[in-house]
Protein chains: 2
Amino acid sequence: MSLPHAILTALLEKPSSGLELTRRFDRSIGYFWSATHQQIYRELGKLESEGYIRALPTEQPTRGQKKSYEVLPAGRAELARWTAAAQDPKPPRDTLLLRLRASAMVGTTGIEADLRRHLTLHQRQLAEYEEIQQRDFGPGRDTPQDRLQHLILRAGIDLETFWTRWLTHALEEFERLPAPEGSP
Amino acid sequence: MSLPHAILTALLEKPSSGLELTRRFDRSIGYFWSATHQQIYRELGKLESEGYIRALPTEQPTRGQKKSYEVLPAGRAELARWTAAAQDPKPPRDTLLLRLRASAMVGTTGIEADLRRHLTLHQRQLAEYEEIQQRDFGPGRDTPQDRLQHLILRAGIDLETFWTRWLTHALEEFERLPAPEGSP
DNA sequence: ATCCGTTGTGCAACTAGTTGCAAAAAGAGT
DNA sequence: ACTCTTTTTGCAACTAGTTGCACAACGGAT
């Protein structure tokens with residue numbers, strides 16, 4: 001129930017076409033809400049038919065032709081409503097932890113390499129976030145909007161920091177572990 | 001693609017009926033992979049028909065009758081395969097961060113209360129984890145299995161710690177923010 | 001002119017998870 | 001014996017996300 005609201009947010013930040021949205025979902029917004037272009041187009045159609053957004057008047061309504069959308073007042077209202085409404089955090093779904101638990105039953109053979117891979121992925125993501133922080137949040141940027149954005153970015157940074165630390169610790173633990181139960 | 005493997009893991013830890021599994025998914029396993037009883041029954045049927053598990057011989061194969069399952073060798077093998085296979089971490093989907101970003105566009109009215117609510121929820125979860133740590137991971141428990149389980153628990157603890165810290169920080173930030181843009 | 005890769009839009013089918021409801025058995029109370 | 005509740009199992013319909021592919025326009029290269 002969040003994709004439409006993610007799109008409304010993105011369109012409020014800047015009216016865009018489907019493809020532009022897709023690109024932005026690969027960067028900033030996608031860092032905590034990813035979506036494919038098919039999802040986005042489908043949802044744009046739905047949002048338009050519900051009167052939350054409208055296509056910018058650019059004539060050509062044919063296929064393969066760029067079409068930009070902007071948010072209508074009804075869309076902004078719906079977004080405000082949704083933002084303010086209470087929502088329970090949904091239980092995390094983490095495959096890696098699940099696999100680790102499985103490996104306690106069937107042996108740790110093979111999983112260590114993937115832990116290492118995840119570690120570098122998280123380190124890379126962390127570096128990317130820190131670069132953004134350096135670039136976009138120097139001193140001076142201090143409007144309420146900037147502070148909110150920075151707050152969000154810091155969540156990303158802290159999360160990735162947690163993962164890199166935890167994975168490092170996990171790998172150290174593995175060193176100390178006896179040979180995998182699968183191959184004694 | 002992970003629910004069947006979560007179930008296999010749970011059944012390896014201890015053969016169980018659908019309802020028992022459901023209860024365990026509400027506690028330990030559900031901390032990082034939740035599932036409803038309907039999902040579980042459906043998946044049990046599938047796993048049985050694929051030859052990964054079998055019902056323990058308890059006669060009565062009728063409805064409303066308790067039926068326990070155990071993992072067959074093929075199931076264990078499949079679980080081992082899946083555990084060792086590389087998997088990309090999937091991009092996080094976090095509604096709260098999304099709402100915060102939306103609130104930078106439509107105003108922060110209303111969201112603060114929910115941040116506070118989330119904070120207490122995370123604090124509660126953290127307390128629960130720490131209790132488990134105290135209870136189940138005192139000194140002495142030091143088999144490879146124990147260490148893996150503890151590692152997983154620590155991920156939970158650190159994650160909840162991150163959220164409580166970040167939410168606390170966010171709420172402090174809100175104090176310093178001017179009156180919500182939605183109501184000036 | 002026409003072929004060809006790129007940009008941009010979109011449909012359809014599939015997979016996974018959620019919600020709502022119901023039916024069979026077992027035990028408890030009267 | 002009989003209803004009534006609880007336990008346990010399950011079906012069916014819905015929602016959200018994923019995968020695979022197709023089709024139109026545009027801009028350059030031959």
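Since the model is a prediction, treat every value here as computed from it, not as a measurement. Just so it is clear: chains get the letters A, B, ... in the order the sequence lines come, proteins before strands, and each one is counted from 1.
- For A/Arg93, the side-chain hydrogen bond (donor to acceptor under 3.5 Å, both in side chains) partners are B/Ser34, not counting sequence neighbours.
- Here B/Glu78 pairs with B/Arg81 under the salt bridge (charged side-chain N to carboxylate O under 4.0 Å, His left out) rule; sequence neighbours left out.
- A/Trp163 is linked by a ring-ring contact (aromatic ring centres under 6.0 Å, His included) to A/His122, A/Trp166, counting only residues two or more places apart in sequence or in another chain.
- In this structure, A/Phe25 atom CZ and D/dT18 atom C1' are separated by 16 Å, rounded to whole Å.
- Residues passing the side-chain hydrogen bond (donor to acceptor under 3.5 Å, both in side chains) test with A/Thr143 are A/Asp146, sequence neighbours excluded.
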Residues 20-27 of chain B side chain polar contacts: donor-acceptor under 3.5 Å, at least two apart:
unit_1: B/Glu20; atom_1: OE1; unit_2: B/Ser17; atom_2: N; d: 2.8
unit_1: B/Glu20; atom_1: OE1; unit_2: B/Ser17; atom_2: OG; d: 3.4
unit_1: B/Thr22; atom_1: OG1; unit_2: B/Gly18; atom_2: O; d: 2.8
unit_1: B/Arg24; atom_1: NH1; unit_2: B/Ala10; atom_2: O; d: 3.3
unit_1: B/Arg24; atom_1: NH1; unit_2: B/Lys14; atom_2: O; d: 3.2
unit_1: B/Arg24; atom_1: NH1; unit_2: B/Ser16; atom_2: OG; d: 2.9
unit_1: B/Arg24; atom_1: NH2; unit_2: B/Ala10; atom_2: O; d: 2.9
unit_1: B/Arg24; atom_1: NH2; unit_2: B/Glu13; atom_2: OE1; d: 3.3

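- Under the salt bridge (charged side-chain N to carboxylate O under 4.0 Å, His left out) criterion, B/Asp158 pairs with no residue at all, not counting sequence neighbours.
- In this entry the distance linking OH of B/Tyr69 with P of D/dT8 reads 14 Å, nearest Å.
- The salt bridge (charged side-chain N to carboxylate O under 4.0 Å, His left out) check on A/Glu173 picks up A/Arg176, B/Arg147, with sequence neighbours excluded.
- Among residue pairs with one or both ends in residues 102-123 of chain B, those qualifying as salt bridge (charged side-chain N to carboxylate O under 4.0 Å, His left out) are A/Asp88-B/Arg117, B/Arg99-B/Asp114, B/Glu112-B/Arg116, B/Asp114-B/Arg117; sequence neighbours excluded.
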Would you list the atom pairs, donor with acceptor, under 3.5 Å between side chains in residues 128-139 of chain B and any protein atom, with sequence neighbours excluded?
unit_1: B/Glu128; atom_1: OE2; unit_2: B/Tyr31; atom_2: OH; d: 2.4
unit_1: B/Tyr129; atom_1: OH; unit_2: B/Gln125; atom_2: NE2; d: 3.4
unit_1: B/Gln133; atom_1: OE1; unit_2: B/His150; atom_2: NE2; d: 2.8

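- Counting heavy atoms from C-beta outward, A/Lys46 and A/Tyr52 have side chains that stay 4.5 Å or more apart.
- Residues from residues 29-52 of chain A that place a heavy atom under 4.0 Å from any atom of DNA chain D, listed by number: A/Trp33, A/Thr36, A/Gln38, A/Gln39, A/Arg42.
- Contacts between residues 85-98 of chain A and DNA chain D, counted as heavy-atom distances below 4.0 Å, involve no residue at all.
- Rounded to whole angstrom, the span from the CD1 atom of B/Ile7 across to the P atom of D/dT9 amounts to 13 Å.
- Near DNA chain D, meaning a heavy atom under 4.0 Å from it, residues 10-19 of chain B has B/Ser17, B/Gly18, B/Leu19 in order of number.
- The distance from atom CD of B/Glu20 to atom C1' of D/dT9 is 13 Å, rounded to the nearest whole Å.
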